[in-house]
Amino acid sequence: MHLGTVQETLLIPLYGRAVENRNPDPALRDPRAEDIVASLDYDFARFDNLPSLIGTVLRTSLFDRWAADLLTAHPTGTVVEIGVGLNTCHERLDNGQARWFDLDLPDVIDLRRTFFTDTPRRTMIAASVTDEAWTGAVKSPGPYLFSGARPRWRESRRARRSATRPP
């Protein structure tokens with residue numbers, strides 16, 4: 001597995017969900033995260049004492065609640081996960097009707113394709129959030145929930161607008 005330093009941070013929330021899944025009363029269940037962690041040749045023990053580990057689980061739980069609320073109110077809604085990493089929101093919440101788009105950098109999507117496949121209702125998009133072209137791939141009637149990574153870079157106003165504007 002070859003990821004850049006920034007992309008490697010996707011392993012922290014994955015590991016957090018896998019660890020949380022082992023708890024008797026977890027904030028969320030994610031057996032798929034445990035399966036993925038077990039299959040990767042990586043020393044996840046380096047994350048064991050990170051204070052942010054539970055924070056990633058709580059953030060995921062919050063995003064899950066927002067997605068579940070959207071899909072309860074609008075079963076054919078659209079979830080766009082920005083900086084999806086190895087998130088498994090689709091596996092935890094898919095209702096059989098919603099449309100899902102998973103956006104991340106090309107090397108992350110390459111890794112993601114090891115574990116997930118595109119379907120008629122789920123599409124992986126290999127692009128930077130600052131590249132306006134990805135918005136053209138998000139074709140769905142909505143309503144939309146855009147969730148995931150919050151950009152932490154200096155950017156032009158144009159890139160900032162395109163990253164937050166619905167298609």
Side-chain angles (χ1 to χ4, degrees), residues 1-17 28 30 32-33 36-37 39-40 42 52 55-167:
M1 175 174 57
H2 296 86
L3 295 172
T5 304
V6 172
Q7 292 90 325
E8 190 176 22
T9 62
L10 70 87
L11 299 174
I12 297 169
L14 172 70
Y15 185 61
R17 293 190 320 274
L28 62 85
D30 196 343
R32 186 71 172 121
I36 294 170
V37 165
S39 72
L40 291 173
Y42 189 84
S52 62
T56 65
V57 171
L58 295 175
R59 185 183 85 166
T60 299
S61 181
L62 179 62
F63 285 143
D64 279 6
R65 178 171 292 199
W66 291 340
D69 287 350
L70 170 81
L71 298 179
T72 297
H74 307 281
T76 59
T78 300
V79 178
V80 181
E81 290 193 74
I82 298 170
V84 67
L86 292 173
N87 196 9
T88 55
C89 185
H90 179 270
E91 284 66 29
R92 291 188 305 275
L93 300 177
D94 183 45
N95 64 5
Q97 300 175 66
R99 190 72 172 90
W100 297 77
F101 294 92
D102 300 335
L103 173 72
D104 215 318
L105 297 170
D107 57 343
V108 174
I109 293 296
D110 286 346
L111 175 61
R112 188 169 177 75
R113 289 187 191 285
T114 305
F115 304 102
F116 307 99
T117 58
D118 285 337
T119 68
R121 292 185 308 98
R122 182 185 203 174
T123 303
M124 287 180 263
I125 304 169
S128 168
V129 70
T130 61
D131 178 0
E132 287 185 35
W134 73 265
T135 61
V138 178
K139 298 198 184 321
S140 185
Y144 294 88
L145 171 66
F146 289 81
S147 71
R150 186 170 43 108
R152 293 187 174 104
W153 58 83
R154 293 178 191 250
E155 59 198 333
S156 70
R157 288 180 66 157
R158 181 173 145 210
R160 192 167 43 251
R161 274 195 320 270
S162 71
T164 59
R165 169 182 80 217

Residue pair Glu81 / Asn87: nearest heavy atoms and the distance that separates them: OE1-ND2, 2.5 Å

Nearest heavy-atom neighbours spanning Leu10 and Gly85: CB-CA, 4.0 Å

Would you call [X] and [Y] a side-chain contact if the rule is heavy atoms closer than 4.5 Å?
| X | Y | result |
| --- | --- | --- |
| Val80 | Ser147 | no |
| Leu11 | Leu40 | yes |
| Pro143 | Leu70 | yes |
| Trp100 | Thr78 | no |

Give the C-alpha distance, both sets of side-chain angles, the deciding distance and a yes or no for side chain to side chain contact (heavy atoms under 4.5 Å, CB included) between Phe63 and Leu145. CA-CA 10 Å; Phe63 285 143; Leu145 171 66; over 6 Å; no

Please step through side chain to side chain contact (heavy atoms under 4.5 Å, CB included) for the pair Cys89 and Asp64, ending with a clear verdict. CA-CA 7 Å; Cys89 185; Asp64 279 6; 3.5 Å; yes

Between [X] and [Y] (side chain of the first, backbone of the second, donor and acceptor by atom type, cut-off under 3.5 Å), is there such a pair?
| X | Y | answer |
| --- | --- | --- |
| Asp104 | Val84 | yes |
| Arg17 | Ile12 | no |
| Asn95 | Ala98 | yes |
| Arg92 | Asp30 | no |
| Trp134 | Val129 | yes |
| Asp118 | Met124 | yes |
| Ser61 | Val57 | no |

From [X] atom [atom1] to [Y] atom [atom2], the distance as rounded to the nearest 0.5 Å:
| X | Y | atom1 | atom2 | value |
| --- | --- | --- | --- | --- |
| Leu71 | Thr76 | CG | OG1 | 9.0 Å |
| Arg113 | Thr117 | CZ | OG1 | 9.0 Å |
| Ser39 | Phe115 | OG | CZ | 3.5 Å |
| Tyr144 | His74 | OH | NE2 | 13.0 Å |
| Leu14 | Thr9 | CG | OG1 | 11.5 Å |
| Thr123 | Leu103 | OG1 | CG | 11.5 Å |

Test side chain to side chain contact (heavy atoms under 4.5 Å, CB included) applied to His90 and Phe116, step by step: CA-CA 10 Å; His90 179 270; Phe116 307 99; over 6 Å; no

Can you see whether Phe101 has Arg121 sitting over its ring - NZ or CZ less than 6.0 Å from the centre and within 45° of the normal? no

Does Asp94 form a salt bridge (charged side-chain N to carboxylate O under 4.0 Å, His left out) with Arg122? I'd like the steps, not just the answer. CA-CA 10 Å; Asp94 183 45; Arg122 182 185 203 174; over 6 Å; no

Side chain to side chain contact (heavy atoms under 4.5 Å, CB included) evaluation trace for Asp102 with Ile125: CA-CA 6 Å; Asp102 300 335; Ile125 304 169; over 6 Å; no

